[in-house]
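Beneath this line is the structure, given in structure tokens, with notes to follow.
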Amino acid sequence: MATVAHWIGYRGRPVEPTDNGRVHILDGHAERAGRLTDIGNARAFSSLVLRDRRVRRAELLYGTAAGRSRIVVVVINRPAIVGWVGEVWTAYLTARTQEGEQLWR
């Protein structure tokens with residue numbers, strides 16, 4: 001699992017997009033292919049962050065609206081030597097907001 005970039009999340013924690021996440025995005029969400037900058041911007045300029053209803057350590061970062069769709073970056077938080085680190089699990093476009101505990105707005 002190689003890290004392809006280093007970002008700082010809304011809580012000041014490191015967020016690392018990895019090869020595994022990139023492969024998942026390319027396989028399942030081709031509209032995001034080659035758009036690592038968009039994913040980074042959604043992470044940096046999130047308009048809403050929700051906790052995923054099914055995966056407690058997963059956060060859904062909603063980027064700014066682009067037409068009727070918004071980019072959602074799913075970050076899984078895991079313990080690391082330096083504290084908690086977020087790993088970009090996937091990213092996709094959506095027109096709706098999932099229900100979940102609001103962590104930040």
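No side-chain heavy atom of Arg57 sits less than 4.5 Å from a side-chain heavy atom of Asp52. Residues Val74 and Val88 form no side-chain contact, since every pair of their non-hydrogen atoms from C-beta on lies 4.5 Å or further apart.
Transitive grouping of hydrophobic side chains (ILVMFWY, heavy atoms separated by less than 4.5 Å) keeps Trp84 and Val15 in distinct clusters.
The side-chain contact (heavy atoms from CB on, under 4.5 Å) with Tyr62 is formed by just one residue from the set Ile71, Val73, Leu50, Val49; it is Leu50. Under the side-chain contact (heavy atoms from CB on, under 4.5 Å) rule, Val75 has a single partner from Thr90, Leu61, Val85, which is Leu61.
The side-chain hydrogen bond (donor to acceptor under 3.5 Å, both in side chains) test applied to Asn77 returns Glu59, not counting sequence neighbours.
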Show me the side-chain donor-acceptor pairs of residues 94-101 shorter than 3.5 Å, one per line, residues at least two apart or across chains.
from	atom 1	to	atom 2	distance (Å)
Thr94	OG1	Arg96	N	3.2
Thr94	OG1	Arg96	O	3.3
Glu101	OE1	Arg51	NE	3.1

